[in-house]
Each structure stands twice: as C-alpha cells, then as structure tokens.
Amino acid sequence: MFSPGTKRSNFSARKSGREKPTTGSPVTPFTENRKPLDDNSPIPNRPNTGTPAPWASRLSVLARIPPAKKSDKGEETDPIQPVYVGEFPQVLRDEQDVLLQKHAPGNASISGGMDKETSLAWVICGNKLFVWSYLSPAASRNCIVLDLPPTMYENEDTGRSSNDWFVCLINWDRSTNKVSPQCSSAGIVACNRRTRNLVYWPDIYSATRNEPVVSFPEESEVSCSSSDVKGTPTKLRQQNKPGTSVTRSNSLNSLIACVVPEAHHNHASVALACSSNGELWQFVCCPSGIQRRKMYEDILSKNSQGNDGGQFFGGRGYPRSLVWQSRSRSLDKSNRQFLLLTDHEIQCFAIELSSSFNVSKIWTHEIVGTDGDLGIQKDLAGQKRIWPLDLQIDNDGKVITILIAIFCKDRITSSSYTEYSLLTMQYKSGVNVSSECVQPHERILEKKAPIQVIIPKARLEDEQFLFSMRLKVGGKPAGSVIILSGDGTATVSHYWRNSTRLYQFDLPYDAGRVLDASVFPSDDGEDGAWAVLTEKAGVWAIPERAVLLGGVEPPERSLSRKGSSNERSSLEERKNLSFAGNIAPRRATSEAWDAGDKQRPGLTGIARRNAQDEESEALLNQLFHDFLLSGHADGAFDKLKTSGAFEREGETNVFARTSKSIVDTLAKHWTTTRGAEIVTSSVVSSQLLEKQQKHKRFLQFLALSKCHEELCSRQRHALHIIMEHGEKLAGMIQLRELQNVLNQNRASGAGAYSTTEMSVSGSLWDVIQLVGEKARRRTVLLMDRDNAEVFYSKVSDLDEFFYCLERDLNYIISEKMTVSVLVQRACELSSACVTLLRTAMTCRNENHLWYPPSEGLTPWTCQEKVRNGLWSLAYFMLQLVKENNSLDDTVKLDFHSHLEVLSDVLLEAYSGAICAKVERGEGHKSLLDEYCNRRDELLECLYQQVKDLVEGKLQDSGEAAEEQKLEIFGKLSSALLSLAKRHEGYKTLWSICCDLNNTDLLKNLMHDSMGPKRGFSYFVFQQLYDNRQFSKLMRLGEEFQEDLAIFLKQHQDLLWLHEIFLHQFSEASETLHVLSLSPNDSSAMDTETDSFGTTIKTSLVERRRFLNLSKVAALAGRSANFESKVKRIEADLKILNLQEEIMKLLPDNERQNIGQQLLPPVDLIELCLKTQDRELSLRVFDIFAWTSSSFIKSNASLLEDCWRNASNQDDWERLYQASVDEGWGDEETLSILKDTILFQASSRCYGLKAETFEGNFQEVLPLRLENSEQVTLKNMGSSVETILMQHKDYPDAGKLMLTSVMLGSAHSDMISIVEEEGPTPME
C-alpha cells in the first residue's frame, strides 16, 4: 500500500526507466526489462537480473528481506520485520507451477482468503479450490482440493478469472479442536461475482465432498443495463483519469453466509449478496439444491422507512459491504442480523433462519449527511465526493468501523487529492436493537471517537482502485486495523499518541500480492497478531512489536504499491528504520479516544513497558552477566534502585521478567530436531538443567546484592513469581524424567514398535503437542518451531499443561479407545500431574526461607486453571471406574493408587486457594462449596473402590474369617483414611470406622479432626441421631460432653437427657418445657439448613409426660425462680388437659383432622366458638384462666366474643316469659339461673373462688359499668354488662341476664343483691 518516507524523485526516476537495477539486485525488474514470451529460455519471463522465478520457493522471498541480526540467544532482534509462518501446501505449489507454465506471470493471477472462525485458508488456482489450515504445521497439514465444476465456465470466459470468486466458509463443528487447528466439518459457498454462478459443498471433509451443488442465474439476473442504475454521472466518471469509474453495474460486491439451525435443515446455509445495481440476493443452500431469491422488491414494498424510499444507494457501485452482526446481539438463535453499507448510510436487516427466510429492515443510520455528529459532514468547502468503501464489526459486535475516501480540492493551490479516514461508530447505551424494539427514526449509533485520518493528502485514484479496498479489524495492537488494496498491498493503521501511525506489509514483488488478512486466534480472549496470506510466499504474521516500532507518520501518497519500500534507496531505508527504532514503546490504545469508555486490559510485552523499564532490565541483565563472570555483586543494589527497578510489582517487575527470560530461553541447537526425536534426545534434559543452574545463580545474585531483601519487603508478588519459576523448572525436569521412564516401560513392553511410535502413542506426548501448539500459535516468532520444542522451552507457561487437560481431554482420551488403553493413558496423565505439583511443593518446602511472606498470595499450583485441569482428569477417572467393573484386580489397584494421589494434590490445591482468599478477605463460599462437593465425590468413589478390592481379594482366597477381612480392609484403606482425615472427609472416615467396627479409632479421629462445622465429632453425632442410635449417641456424651451439648441444642428431644446426665436440672426443665410445647409439624433442628434431623411427632400423652418431667426437674434444680416455673408448668398441664376434654366433645371429623396436634390457646378457643356447643362455650373461659395476663389483654376482643357466645346458649326470651307467667321467687330464680351458661361463666371468671394463672378478668373486662347512669350507646365502655346490653333479648330479659351474671359472681346467700341495687340502665 505505502512505505515510509520514499522520495518522489527516486520514484520518478525509476518510473521513467533511468534507474536500472544491477545484476543480483534484490529489486524485482519491471516489465520492460523482461524477455518476451517467445524466448528460448526454459522458464518464461525469466528476468535478466537472475531474480528467481515467482514460483520459486520462499527462500527467494526471504532473500529480499534484510538479514536479521542474531543475539546471543539466537533470537531475532529486528523488530519491524514480518514473521514467516508457513508455506503453501505442496499440492497447491504444483498447481501454481502448471498454471505459470501455461500463462504469463501477469495473467496467471490467483485469489484467496482466510477465515478466522475455522482457521482455514483457501486459494483458487485455475479451476481448483484449495483449502487448508494455516495454523497447522507443515508435516500434518491436510489440504482439501476441490474441483470447480466445468459447467461454471460454459459460454463465459470471464468466469475463468480466479479473482472473480467470493468464497464463504461455514463451520458446522462449533467445538474447536485444539490438537489439530484444522476444522473437522465445514461447508463452502463459492460465487462468481460477475456470472453469479454458485457452487455449494455441504461438507468438504465428507466422502461426498467432490459432488457439489451448482446453481446458475436466470438471464434477467445478470443482464442489467446502465439505465437500471440510479444516480447522475459526474465528471469523475467520464474519462480514464483519476476518479474514472469502471465499476460494472451488476457485479456482486459482497457475499456472506451463515449456518441454518439444524432444527430446520441438515447442512443447510443461507448466503446473502449485494450487487452494484442495488440488489440484495438471497441464496438458500442445501445438499438437495440452491434456491435463489431477490429480496430487493420485498424490502422496498414492506420495510422502507423515512424518505429514502427504501433505496440502497444513491450512486453507482453501491451497496458495498455486507457483514453479520455479532451473535451476542441476536437474542433469538433463529434470527440473525446483518449490516449493509451504502453510499451514505448503514442499514441493519434481520433474516429469519427458518423455512421462510424473510428479511426485514430494522434500522438505518446516516453516516454521510449534513449532521457531522452522526458521521461525516458533507458539502464542506473543498469536498467533491465521499466514498464509504468498507465496513467491519469487532468481535463483541459493539464497535463498527467504516473506511472512508474523500475526494478533495485545495482552494488555494487548486490541487486535487484523496483523504483516507476511519469512522468508528458504537451502539448508544440503553438501546435495544431487536426488530420489535426499534422505533422509527430512532438513533441507534453514535460516534465512538473523532474521525481518524489515515492519510490526509493522498494521490488520486480511480474508482476501481477505491472499491478494491477492504478493511479488517481485530488484530494486535488493540484498536488497529489493516487495509487491503486491490493491487495486493496491506497497511496496518494504528492510533497512538494522538496520531495515526501506519505500518506496511511489503514483501518483494516475487512474493506476489496480498490475498487476504486475518487474526491469529487467541485462547485468552484477547485479539491475536495479524496474519497475512500472500499470493506466492505463503502465510506471514505481523507481530505487535513490529507495528508499534515500525509504524510511521502518514505520508502524502497513495495506499497502493506504487513507490514500494523495496524500490527506495538503501540510505533512506536505513534512515526510516532508525526513525522507527527510536520510537518509545507505549500502550497501543489511544487514551484520547477511550476517555470515559471501559479500558481494555493492558497489553502484554512491549506495550506495557516504558523506557525506564527497558533501561532497568538492560542494567539488571548486565549486572547479572557480570556476576556470572566474577561472582561479585558489589554496588548492584544501589544502581538498580536508582534505575527504578523496584517500582513495579508482579509480572511487570524487571526481576520477574529476567527470571522468566531465564527459564523460557529457546535453545538454538534444538532446531535440527523435530517431532518425537526431541523426546528421545538428551538435549532436552541438559538444557533444562542448565536453566535450573542459571536460575539458582540468579537467586544467589539477588541475595548477595541485597535485592532479595528489598523484594521480600516491597514486591512480595514479584519475588513469589521468581520462586515459582524455579518450581516450574524443577517440575519440568521431573516431567522429562517421567517421560523417559514411560518410554522405557513402553519399549520393554512393546519391542516391535519404534521409539517414535512409542513416544507419539502416549497421552503425555499428546498433551505436550497440544500445549506446544497453543504457545506456538500465540507467539508468531515461534511459528517455525516444533511443538515439543516450544513446550519444553516455555517453562513459565507450565500451567497451560493443566488448562489443556480441561479443554482437550476428550481428544487425548477418546471414548473410541479400548478400556485398557483408556486406563493406561489416564494413569499416565495422572502421574504427570502429580509429578509436577508434588515437585513444586517439595521445591517450595526445601527453599521456604527464600520465599516472601505468603499471606494472600495464591501459589500457581492452586490457581483455577490448575484446579480445573486436575478435576477434569479426576472426573474422567471417576466415570471410567464406575462404568467398568470387570478390570483385573491388579489394574484396579494401580488405577486406585493413581486416582488417590491425584485426588490428594487436587484437594491440596483447593485448600491453598481457599486459604489465600480468606487471607485476602475475599468471598470464598462458592469456592468452598465446590471444594466440598468434589472432595465428597472423590472420596466416595475411592471408598467404593477399596470395598470392591476387598471383595475381590476375598473371592480369590475363598471363604475367610472376619478378622482377615478386617485386616485386608485396614491395609487398603489406610491411605484413604489419611487422605480423608487431612481434607475433612467425614463421611468417608465414618464409613471406614463402621466397616472396621473400631470405636477407639472413631474416638481418636473425633478428638483429632476439627473443621469449619465443629469437627468430625459433630458429624458422628449427626450420623448416630439420623440412624436413631440414641444409646450410642448418649454414651459418647460421657467423653465428649461439650461437643454433644452443642450438637443437641439442635435436637432438644435428647438434650434434656444429656443435661440431666450433667446434673443441669434447671436447664433440663426448661428444655423439657419447650419440647412439650413445640409444634407437631416441625422440630427445632429443622431450622438448621444443613441438619440431617427428622421431624418429631409427639402425642398429647408424651407432652404431658414431658411437662411432668419438666416439673420434677425444676423441683430438683430448685433455682431462684423455680416456684414460678412450676406454676407455669402446672398451668400448661391444665391447658393440655382441657384440650383432651375438648377433643372428646368435638365431632368425629374435627377430631380426626386435629389428631395428636397441640393447638395454641387461640386456635383452641376459636375451635370451641366454631363448634357452638354449650359445654365448649364454657371451656373457653378455663383456657383464658390458665394463660398469662398478657395473653388475655392481647385477646380482649376474643374474650368478648366468648361472652357473646355464652349469652346465646340460653333462650332468655323464654326464661323471661316463664318468670312473668309463673311469678318466680328468689329461690326458684336462683335454682333456674344456675343452669345458664352466663351464671357458670361469671362464677368461673369473677367468683370468689375463681382461679387464674396470673392477674384476673376484672382488669381486662369488668363485670359491670362503674357509673351505669351516665352510659349511652355512644360512650359505652367494655364490660360484660355492655356486651349483654347488645343482646337481642336484653330489652325484655336484660334484668334476668344481669341477675344471672351477678349471682354467678357472688355466693348463694346474696340472692337479694339484685333487689337492693338500683335500677338498670334499661329500666
């Protein structure tokens, strides 16, 4: 595209032919210097200079790159060069040779692309389509060759141009295979942009991949005349000069495809294409055929909004781009959104992935208009035309980037130029972009940042060149984009330090054009480095460091290959390289643009370091180098402190970085060794030992220079990381020794296999390949290294070993393998994990004096990545042993041993992580629950294995005595017992003690084991209680008095027994009293969420027994207030007796419903009132009498209801009429009224011999009004008399009713009391 700082004079001279390249010059000669086609040379167009042919190997390309300077470590130090990743597959090279021999090099063009989701690259060469994974190493690359059907070219010569094809890859397999980056199932949609012929391969990896589905357009689809194009031509479209338009009116501009959910179709996809005449086409591709549908009319008639009339474009060549919206923006899986770029706006559509495949417009946003806040303001002074060229969305679907070209004219100089810029838009906060929620004319997007000008004044280009530009987003540095042009160049644009910097990927001409660019995948969620697919030089990578250091200010020239860096003077190139090298590395993101927005995580490596860090690290390396030579470190501490070496913490600390570089050093002499040969070579062990020795010397340097003391006090985390590097290095050495042992064992057991076969067949070797592959792909400088070499070199990334187990265990140990192989491979991985972690723990224990205080620091062996990897393997082993019970006892015992030690290190990792969280004061409940659940599952499985092993041994030895069985079980369970004791596996401890029938062992464990839930003793108590072994439980209370007392507080049905044993009679009385009154449906222990208790069902007889026992215990305890306690117990006994009497008077159905349930006094009173029985209407007053005074006061209205009910029990109108007719005397009146309920209730509540628990009824409800003469209906107080006054018979029988009440409250000799009193209010 462009190169930094090329002089125009040199370019003009070269263009005019005055500057001829000399022999052997790396500059590719121009066309006029080449031989004609009829030359006798065996290689057509072979240049005079001897430059290798374009189809030569990649060495001809590498020869044109300035040789990289090598450091002592053998690493490249040239920071701005691209990195070679991989060659084309050989089958593609052969096809290129054949094509180039048939055509002139300029006419034998090919097209290609890269797909980020599947990591597949594709190239169309001739009539063949080649597909392969650009991440897999060359030895394992599997290239798929597909033949384009010959019918694609019938009657259409233009179809033979490979540049005219769009190719979309469809990933059927969503589960990415990390072992082989190659996809396991993918489809391809290929469409010719001019002929619109469509080819569909449902699955290129299936047996029928060579039978594609083809589709041809109707004649009306491709025969579009110029009259169909809307818009008025301008001067820029008339002649063949800058700005001239050569865009075809009906050619396709963009093609996208996606998977249709399997619920609707099998291996079905839908593709969308837009053309230069404003059409939007839909292609539904199935193995059975392809359906074409033009969506243009549908959208026009149904979904156009505003005054745009539903048009896609206002000028020729539009719409330009189609792009899928992120899946996270689509709540419904059956609905997918996509964006379309026109000449002045962005339009969003939704397609239903169902049988109808309807497309509907959701919203539009104008990016070129009169409002500059919405995008780019048009009609400004000097502007002539604005071209939106391409549109892309980031991975999160939040940021939309548009590449813009503006044709401008300088009003002063009258010179014309092109301005290239990037417009970044984002969704407004709080806006719902679903089709149902978007309102007409609602603003969806807003500017994320000011418009970023890439090149302010560039050379004018014709429209064909502008429309050939493509935009890619997502690579490192974060926020950078790459721009591809039609002439085959690639430019990375990066906004940094409030200015734009450009980096050009520019290989020599014999490398061919840049076909496409993508981003290397990254497992940590961050963006990877830029990947570039060239026409003839394979795949290259642009490291982040190269962009940061090699980027330069935008020149005033074009984004094209004219004036390439390979054509400039060497002096000028050196000047620019020097200029780029002097740029101080900084963060890759723009502080100005991201102000107020959520910051991205800090970049690793150079992007996180400043000049001071570089100087401090260089000084440290120099001082350490001097120490290695002299053994002295005098003055090193002061120099390092002055340089600021102690200012950073953690991984960015210069000491931690130096330690990391020591353990991660790449060996130069490994590069001649490949594959399994590395494992059998002693070079690996010797190199690791050299690293260990050098790391120990580094620690000695820290100690002698007093840096260790400073780090220990100020940068604990950094020192902790340094020591962990030593742990990982020791673990890697032991892992290497383990692999040697495994290889020797495999060799002795299978001598017919070669060493290579044996090495590759092990599961440990597979993990090494996986981890090495991930590191190799993540670091572009390691792309040409072997996976095993990378694994053994990247010691600091040893925790990736466990992440690999979590992620790819299904591949390493496949279900398709036999059981014996599964067991062997699982045990091999278990040994590797245990070796790594126990070696690290041993190293930590042996060198504990070197470590800083560990409070709050989580060791790497306890990180989540390590824990999850261990659990993935352990869980697989659990399932394996559960599903296969027919294994040999020897195999079972070995498998059990491996699972046992693996469980130990896993649980130790959890314990360390929990302790670190507690020390930091962080929430750890979820982690603790996860630890407990996984611990119980592991220990239960191990315990079951022990029982199975014991049964197997007893079957082999025949019938054995019980003593022999216990002896065998004791030996096999000893290790498990120790493991369960360390990790508080109380259930396992209990089971083992029960199987051994060893009470002494149980008691010893109860004394020793203390945990977060009051220890093992609490668990034992719970088990005995659940099993209703109450006698054993109470006998343990003799030895564990306090522990049992705490436990029984949740089980009060037994607590009183333990309290009596402890002579705590008053406490036992209180417990029995509470227990006697506890509800029937639940017990106190149910309030504890983790209780294993059962519900107590207590009968009324048992409650009476509890109350009597409570009374006896209170009398025995004779506490200070025992008399009141006894009185309360007696009152409760009377209420209990009342309930029994009431139950006898209830109907049968009511009595059955209540059963043995203890009713509260309120419920009991309401039940009596509800029954409407004379006897029950009197019992309610007895209940009130034996409750407390507070109960009577709080239920005064209920007491009034009881009096009303009592007054209704007798026919007072009849009694009154009888008294008048018969003329009752005093004795006869008393005799008759004694049988009324009012008389009896008054006698019970207000009589001289009335008994209550405390207080009296007079305090709450007086018998009569104090001053009856002044009482009216409005100011009546609450009394029995007032209640009677409201009775319906009171006007006639009121005197008789009051007489009954007063007689009941007095003795029998006070009959004349009514006569002596004054008149009643009614009278």
Side-chain angles (χ1 to χ4, degrees), residues 136 139-140 142 173 175-185 205-207 675-676 679 735 738-739 741-774 787-788 791 801-836 868-903 906 938 941-942 945 948:
S136 62
S140 61
N142 179 22
D173 185 10
S175 59
T176 307
N177 187 347
K178 304 296 182 183
V179 178
S180 175
Q182 184 171 336
C183 228
S184 60
S185 180
Y205 293 99
S206 67
V679 183
L735 184 67
L738 173 64
Q739 191 170 18
V741 173
L742 293 174
N743 290 336
Q744 293 173 4
N745 294 341
R746 197 174 291 115
S748 61
Y753 295 96
S754 65
T755 307
T756 301
E757 292 169 334
M758 288 183 296
S759 301
V760 176
S761 63
S763 57
L764 178 56
W765 171 256
D766 288 343
V767 178
I768 290 173
Q769 289 294 306
L770 285 167
V771 179
E773 172 71 10
K774 177 184 176 182
N787 293 338
F791 172 80
F801 183 94
F802 301 93
Y803 181 61
C804 174
L805 293 180
E806 176 192 2
R807 181 188 54 185
D808 299 315
L809 188 63
N810 291 335
Y811 172 83
I812 302 168
I813 310 178
S814 174
E815 296 179 355
K816 298 179 181 179
M817 301 175 182
T818 62
V819 176
S820 59
V821 174
L822 290 176
V823 170
Q824 180 182 358
R825 292 173 72 85
C827 291
E828 186 175 323
L829 291 178
S830 174
S831 299
C833 294
V834 172
T835 299
L836 289 173
N868 291 343
L870 292 172
W871 170 249
S872 297
L873 178 58
Y875 184 77
F876 176 83
M877 297 178 72
L878 289 179
Q879 300 304 315
L880 186 61
V881 74
K882 290 179 181 178
E883 297 172 0
N884 299 277
N885 297 323
S886 59
L887 296 175
D888 182 75
D889 288 345
T890 305
V891 177
K892 279 186 179 180
L893 184 60
D894 182 65
F895 189 84
H896 172 79
S897 301
H898 280 90
L899 181 57
E900 199 169 55
V901 293
L902 180 66
S903 302
L906 171 61
L938 286 169
C941 179
L942 290 171
Q945 277 188 279
D948 294 342

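Evaluation of the side-chain hydrogen bond (donor to acceptor under 3.5 Å, both in side chains) rule for Ser820 yields Thr818 as partners, not counting sequence neighbours. Every residue meeting the side-chain hydrogen bond (donor to acceptor under 3.5 Å, both in side chains) condition with Ser185, not counting sequence neighbours, appears here in chain and number order: Asp203. In terms of the side-chain hydrogen bond (donor to acceptor under 3.5 Å, both in side chains) criterion, Asn868 has no residue partners (sequence neighbours excluded). The side-chain hydrogen bond (donor to acceptor under 3.5 Å, both in side chains) check on Ser872 picks up nothing, with sequence neighbours excluded.
Between Leu829 and Ile813, the closest side-chain pair of non-hydrogen atoms falls below 4.5 Å. Considering only heavy atoms from C-beta on, Ser763 stays 4.5 Å or farther from Val767 through its side chain. Contact check for Phe876 versus Leu822: side-chain heavy atoms found under the 4.5 Å cut-off.
Here Ser830 contributes atom OG and Leu764 contributes atom CG; the two are 12.0 Å apart, rounded to the nearest 0.5 Å. Between atom CD of residue Glu773 and atom CZ of residue Phe791 there is a gap of 14.0 Å, rounded to the nearest 0.5 Å. Rounding to the nearest 0.5 Å gives a distance of 5.0 Å between CG of Leu770 and CG of Asp808.
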Would you mind writing out the side-chain donor-acceptor pairs for residues 892-899 within the sub-3.5 Å range, not counting sequence neighbours?
{"unit_1": "Lys892", "atom_1": "NZ", "unit_2": "Asn885", "atom_2": "O", "d": "3.1"}
{"unit_1": "His896", "atom_1": "NE2", "unit_2": "Glu900", "atom_2": "OE2", "d": "3.4"}
{"unit_1": "Ser897", "atom_1": "OG", "unit_2": "Leu893", "atom_2": "O", "d": "3.0"}
{"unit_1": "His898", "atom_1": "ND1", "unit_2": "Asp894", "atom_2": "O", "d": "2.9"}
{"unit_1": "His898", "atom_1": "NE2", "unit_2": "Ser831", "atom_2": "OG", "d": "3.0"}

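Across all non-hydrogen atoms, the minimal contact from Leu809 to Leu805 is CB-O, 3.0 Å. A pairwise comparison of heavy atoms in Leu870 and Leu906 identifies CB-CD1, 3.7 Å as the closest pair. Taking both residues in full, the closest heavy atoms of Ile768 and Ala788 are given as CG2-CA, 3.9 Å, listed atom of the first, atom of the second, then distance. Among all heavy-atom pairs drawn from Gln945 and Val881, the shortest one is NE2-CG2, 3.3 Å. When all heavy atoms of Leu735 and Ala832 are compared, the closest pair comes out as CD1-CB, 3.7 Å. Closest approach of Cys804 to Val771, counting heavy atoms only: CB-CG2, 3.7 Å.
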request  = Could you give me the CA-CA distance, side-chain angles and deciding distance for Leu938 and Trp871, then say whether side-chain contact (heavy atoms from CB on, under 4.5 Å) is met?
outcome  = CA-CA 10 Å; Leu938 286 169; Trp871 170 249; 4.0 Å; yes
